[in-house]
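First the structure, in the form of structure tokens, and then the observations on it.
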Amino acid sequence: MNIPQTSYPRVVIIGGGFGGIALAKKLSKKEMQVVLLDKHNYHNFQPLLYQVSTGGLEPDSIAYPIRKVLQGYPNFFFRLAKVVSIDTKVRQVNTNIGEINYDYLVVAAGSETNFFGNKNIETKGMAMKTIPQSLNLRSLILENFEQALLTDDLHERDALMNFVIVGGGPTGVELAGALAEIKKGILPKDYPDLDTRRAQINLVQGGDRILPEMSEVASQKAERFLEDLGVNVWKNIRVMDYDGNHVTTDTSTSFETATLVWAAGVQAVSIKGLDGKEFLCRGNRLRVNQFHQVDGFTEIFAIGDVAQMETETFPHGHPMMAQPAIQQGRSLGDNLVRLVEGLPMKPFVYKDKGSMATVGRNKAVVDMKRVKFQGVFAWFVWMFVHLYFLIGFRNRVVVFINWVYNYIRFDREARLIIRPYKKQNQVSKNQLNKD
């Protein structure tokens, strides 16, 4: 990898997400050689991916070059690489561009969509975990409306304009709200020759309430917001299969749709060499102690979505969100310095700053430790927090200007099919007739 030899201890970080970036920043001016590996050369602000999918933002507004994040820091190296395996015996990380040895290894590889073994949904449904996936979803949504204009089959037209979002967590709720606002304010202007009132947004939740990780007050208010926007909220229903057009559930309810978005769960990214049963917990997460050390190792650590630190307050690990990852990255940075200096490490204590979700224009829910609120003020708080945690001054300015413009004009300018997308095994009836 052409990483220079040094007398400093080498810390290899796998993953440039919230945790990896926070750790790298913490170590950037210390007497350590920091090597960050990621298969992308940018940091992706995942909480705003749904706005890329619905045309509210362009992807460069929520992505930031990893090299620029730590530009000018001594002893920092970034390599664009996909990690293949880890050899714990010789302390080596194997990638598609070569191997690198480490003194300390930090796994911060993040999470990926969990389809729970359903291959049909995985191949024919849509995920929204990365920027390319969000662009694919944006293209598919717009292409479906273009196709709806061309078909004379009312049944097919309805399927093209119907959306099923599986999963009532923040991602599903925010996407459903954004699509409902598009249906209300944008589609009638873009497609005046199409009866867009027939478009349906269906949010399907397996449990008895949406936003299950938040308070019941927030769940009830968010559901009311969605219903006011015209979203069909289905609870206690599990999606079992999807053939590209027909969604079957564990009840008599079914859906005809050309667009199924799977937001029903995530799992940690596993890496060969640390994928044994002795390391993994539920959801492929690595079991770590209070110092972030992976069970059985003193030199291998894990933070963020990939790590499960079991505590009395969080028996199944901390939430797989940005804030725990950032705090863990900073904590581990301090502990690595203490470890190198021969000082005892300090146990990690998570400071829960609350959770939030936006449903749409002037509609959001916020749960903080001592106060819970909903509505317009919650919406402004949600915007401020997301702007604050965006990396890069330009990105903050661009996103803020876009939000102000969208609010005033009730519009989303990024309704562009830049990269056409076709779902696997999906062929319209018109195309079948032509063949």
Any chance NZ of Lys30 has more than 12 other-residue heavy atoms, nucleotides or ligands included, within less than 6.0 Å?
no
Aromatic ring proximity, centroids under 6.0 angstrom, Phe255 and Trp234:
yes
Any side-chain heavy-atom pair from Glu181 and Arg412 closer than 4.5 angstrom?
yes
Could you check Thr251 against Thr249 for side-chain hydrogen bond (donor to acceptor under 3.5 Å, both in side chains), going step by step and ending with a plain yes or no?
CA-CA 5 Å; Thr251 70; Thr249 71; 3.0 Å; yes
Aromatic rings Tyr350 and His318: how do their planes relate, parallel, tilted or perpendicular, breaks at 30° and 60°?
perpendicular
In sequence, state the C-alpha distance, the side-chain angles, and the governing distance for Ile3 and Arg79, and then conclude on side chain to side chain contact (heavy atoms under 4.5 Å, CB included).
CA-CA 9 Å; Ile3 305 294; Arg79 291 295 182 265; 3.5 Å; yes
After noting the C-alpha distance and the side-chain angles of Ile300 and Tyr102, does the key distance pass the side chain to side chain contact (heavy atoms under 4.5 Å, CB included) rule?
CA-CA 10 Å; Ile300 300 179; Tyr102 60 84; 3.6 Å; yes
Could you check if a side-chain atom of Phe78 sits within less than 4.5 angstrom of a side-chain atom of Asn41, using non-hydrogen atoms only?
yes
Any side-chain heavy atom of Arg419 within less than 4.5 Å of one from Pro132?
yes
Tyr421 vs Met126 side-chain heavy atoms within contact, under 4.5 Å
yes
Would you indicate whether the side-chain heavy atoms of Val233 and Ile210 approach each other to under 4.5 Å?
yes
Side chain proximity check, Val173 to Phe225, heavy atoms < 4.5 angstrom:
no
Mind checking whether Phe279 and Phe297 have ring centres under 6.0 Å apart?
yes
Give, for atom CG of Asp38 and atom NZ of Lys82, the distance between the pair rounded to the nearest 0.5 Å.
12.0 Å
For the pair Phe384 and Tyr388, name the ring-plane relationship: parallel under 30°, tilted 30 to 60°, perpendicular over 60°.
parallel
side-chain hydrogen bond (donor to acceptor under 3.5 Å, both in side chains) test vs Gln200 passes for just one of Thr257, Asn232, Asn162, namely Asn232
Could you give me the CA-CA distance, side-chain angles and deciding distance for Tyr407 and Arg361, then say whether side chain to side chain contact (heavy atoms under 4.5 Å, CB included) is met?
CA-CA 8 Å; Tyr407 186 84; Arg361 182 187 183 92; 3.7 Å; yes
How about Trp379 and Trp403: are their ring centroids closer than 6.0 Å?
no
Hey, could you give me the CG/CD1 distance between Leu175 and Ile165, rounded to the nearest 0.5 Å?
4.0 Å
Any pair with a residue in residues 332-354 that passes salt bridge (Lys or Arg N to Asp or Glu O under 4.0 Å), sequence neighbours left out, goes on the list, sorted by first then second residue, please.
Lys26-Asp334
Checking side-chain polar atoms at under 3.5 Å, does Ser111 have a donor or acceptor matched by the opposite partner on Lys129?
yes
Using 30° and 60° as the class boundaries, would you call the ring planes of His43 and Phe18 parallel, tilted or perpendicular?
perpendicular
Counting only heavy atoms from other residues, nucleotides and ligands, does the tally under 6.0 Å from CZ of Phe377 exceed 12?
no
Under 3.5 Å, is there a donor on one side chain and an acceptor on the other for Ser355 and Asp367?
no
Arg330 side chain vs Lys25 backbone, donor-acceptor pair below 3.5 Å
no
Beyond-backbone contact of Gln267 with Phe116, side-chain heavy atoms, under 4.5 angstrom:
no
CG-CG distance between Leu135 and Leu140, expressed to the nearest 0.5 angstrom:
12.5 Å
Rounded to the nearest 0.5 Å, the CG atom of Leu226 sits from the CG atom of Leu203 at a distance of 6.5 Å
Got Arg138 and Ile418 here, is their nearest side-chain heavy-atom distance under 4.5 Å?
yes
Check: Thr259/Asn144 side-chain N/O donor and acceptor closer than 3.5 Å
yes
Are Asp295 and Glu278 close enough, and set up right, to give a side chain to side chain contact (heavy atoms under 4.5 Å, CB included), and what steps lead you there?
CA-CA 8 Å; Asp295 273 6; Glu278 65 271 28; over 6 Å; no
Could you check whether atom CG of Asn96 has more than 12 heavy atoms from other residues, nucleotides or ligands sitting under 6.0 Å from it?
yes
